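Remember, it's a predicted structure, so these values are computed and weren't measured experimentally.
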Protein chains: 2
Amino acid sequence: MTNWINQDWLKILQEKGFRITKPLRIITDILASSNHILNPTQVYLEAREEYPKIGLVTVYRTMEKLEEAGLIERVHMPDGCQSFFQAAAGHQHLLICTKCSKAEYFEGDNLGTLFNRTGQSFGYEITNHWLQLFGLCQDCQLKHTNNPT
Amino acid sequence: MTNWINQDWLKILQEKGFRITKPLRIITDILASSNHILNPTQVYLEAREEYPKIGLVTVYRTMEKLEEAGLIERVHMPDGCQSFFQAAAGHQHLLICTKCSKAEYFEGDNLGTLFNRTGQSFGYEITNHWLQLFGLCQDCQLKHTNNPT
DNA sequence: TTGATTGCAAATATTTTGCAGGCAT
DNA sequence: ATGCCTGCAAAATATTTGCAATCAA
């Protein structure tokens, strides 16, 4: 089940001196292979199916390490700020399904120019930005349409 | 100290059937006149200077009402999702100082087009978006420069 | 063997709820 | 006078910390 992305992650983690334990392997695999934004509890529930004795605390700590290692990044969601998603290569923006949390990165061309111009006009020195689009992904649109009546 | 914006807010709240009490008046005044994004604790601390017996719980509940009434809106900050700012007229975007939370609304021209195009290309039906720029406001840039050595 | 990592339990921190009394209407 | 609103205390949540046992290296 461990996919190639996860292999990379494990290698990186090992190089950073982390020990590759079973909980780490499972948590990493979930996060590396999911195209959904997940919070610690969601990862915990999923991890427990494969390894019932895993603790929520371990999930918190492991996700913290993965963030530290730059493999996942925190994403603020309408209902919480403790969710994470695979880090983007370079800074990109997110398109997120409000129903299932499926997410995609996209590039906005030239936004940097607008951002800097805006910062200048208000006298701010821009250091960072968040751009997230929310909507329904294709699957969730269909589910919605096929509502049992 | 109660400013004109606050007068409007009180009127709106009254029309919605809320009772205009002293805690409400104080909390409203803080939020209506501040150009900083504030969380309940910050509002509480400020409110307490004018009215020491106010409770944090009241601040939470009052801010909830103000949000319900559309006068303030929730803003996600890097360190928490429980902050609020005066609601914008129409949907606008935010420019936020990472040091003091001073904030400004700005309009991004034509972003809607980009957003919809992006949504389409991934099969998402866009319903909403967040765009926030972070940086240092002018005051905080100066403070930074004048660092005592 | 050694010490980083785990999982439990307990501690913190944060937000919400219940309720008796107070106050706006 | 009525019942919404307040503030206290307590409950519910969410997250972090301490520690002995386990396990990767």
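For the OP1/OP2 pair of C:dT15 and a distance below 4.0 Å, the side-chain nitrogens and oxygens of B:Q82 include at least one atom meeting the criterion. The side chain of A:K65 places an N or O atom within less than 4.0 Å of a non-bridging phosphate oxygen (OP1 or OP2) of C:dT5.
Considering all non-hydrogen atoms of both residues, A:C140 and A:K99 come closest at SG-CB, 3.7 Å. Nearest heavy-atom pair across B:S83 and B:N39 is OG-CB, 3.5 Å. Considering every non-hydrogen atom in both B:I96 and B:A103, the closest pair reads CG1-CB, 4.3 Å. Pairing each heavy atom of A:Q42 with each of A:I37, the nearest pair is OE1-O, 3.8 Å.
The main-chain N or O of B:T118 is found under 3.5 Å from a side-chain atom of B:S121 such that the two form a donor-acceptor pair. Side chain of A:T58 to backbone of A:I54: no donor-acceptor contact under 3.5 angstrom is found. Formation of a donor-acceptor pair under 3.5 Å by the A:D29 side chain with backbone atoms of A:R25 is not found in this model. Checking side-chain atoms of A:Q141 against main-chain N and O of B:G123 turns up a donor-acceptor pair under 3.5 Å.
For A:L66 and C:dT5, the CG to P distance is 12 Å, given to the nearest whole Å. Taking atom CG of A:L13 as the reference point, atom P of C:dA4 lies 16 Å away to the nearest angstrom. Whole-Å rounding puts the B:E64 CD to D:dC4 C1' distance at 15 Å. Residue A:K16 contributes atom NZ, which lies 18 Å from atom C1' of C:dT5 at whole-angstrom precision. If you measure from atom OH of A:Y44 to atom P of D:dT15, you get 14 Å, rounded to the nearest angstrom.
With sequence neighbours excluded, the residues that form a side-chain hydrogen bond (donor to acceptor under 3.5 Å, both in side chains) with A:E73 are A:Y105.
Closest to the side chain of B:Y51, out of D:dG7, D:dC5, C:dT15, is D:dG7.
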Passes side chain to side chain donor-acceptor pair (under 3.5 Å), B:Q14 versus B:R19? Steps please.
-> CA-CA 6 Å; B:Q14 192 160 44; B:R19 295 193 172 174; over 6 Å; no
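Less than 4.0 Å separates DNA chain D from no heavy atom of any residue of residues 67-76 of chain B. For the segment residues 54-62 of chain A, the set of residues with a heavy atom within less than 4.0 Å of an atom of DNA chain C comprises A:I54, A:G55, A:V57, A:T58, A:R61, in numerical order.
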Distances under 3.5 Å between nitrogen or oxygen atoms of protein and nucleotides 23-25 of chain D:
| from | atom 1 | to | atom 2 | distance (Å) |
| --- | --- | --- | --- | --- |
| D:dA24 | N3 | A:R19 | NH1 | 3.1 |
| D:dA25 | OP1 | A:Q14 | NE2 | 3.4 |
| D:dA25 | OP1 | A:I20 | N | 3.3 |

Cut-off 3.5 Å, no hydrogens considered: what does the side-chain donor-acceptor table look like for residues 124-135 of chain A, sequence neighbours left out?
| from | atom 1 | to | atom 2 | distance (Å) |
| --- | --- | --- | --- | --- |
| A:Y124 | OH | B:K102 | O | 3.3 |
| A:Y124 | OH | B:E104 | OE2 | 3.2 |
| A:T127 | OG1 | B:F134 | O | 3.3 |
| A:Q132 | NE2 | A:H76 | O | 3.0 |

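The closest side-chain heavy-atom distance from A:W9 to A:Q7 is not below 4.5 Å.
Terminal axes of the helix from C:dT1-D:dA25 to C:dT25-D:dA1 (five pairs each, C1' rotation axis) are separated by 40°, to the nearest 10°.
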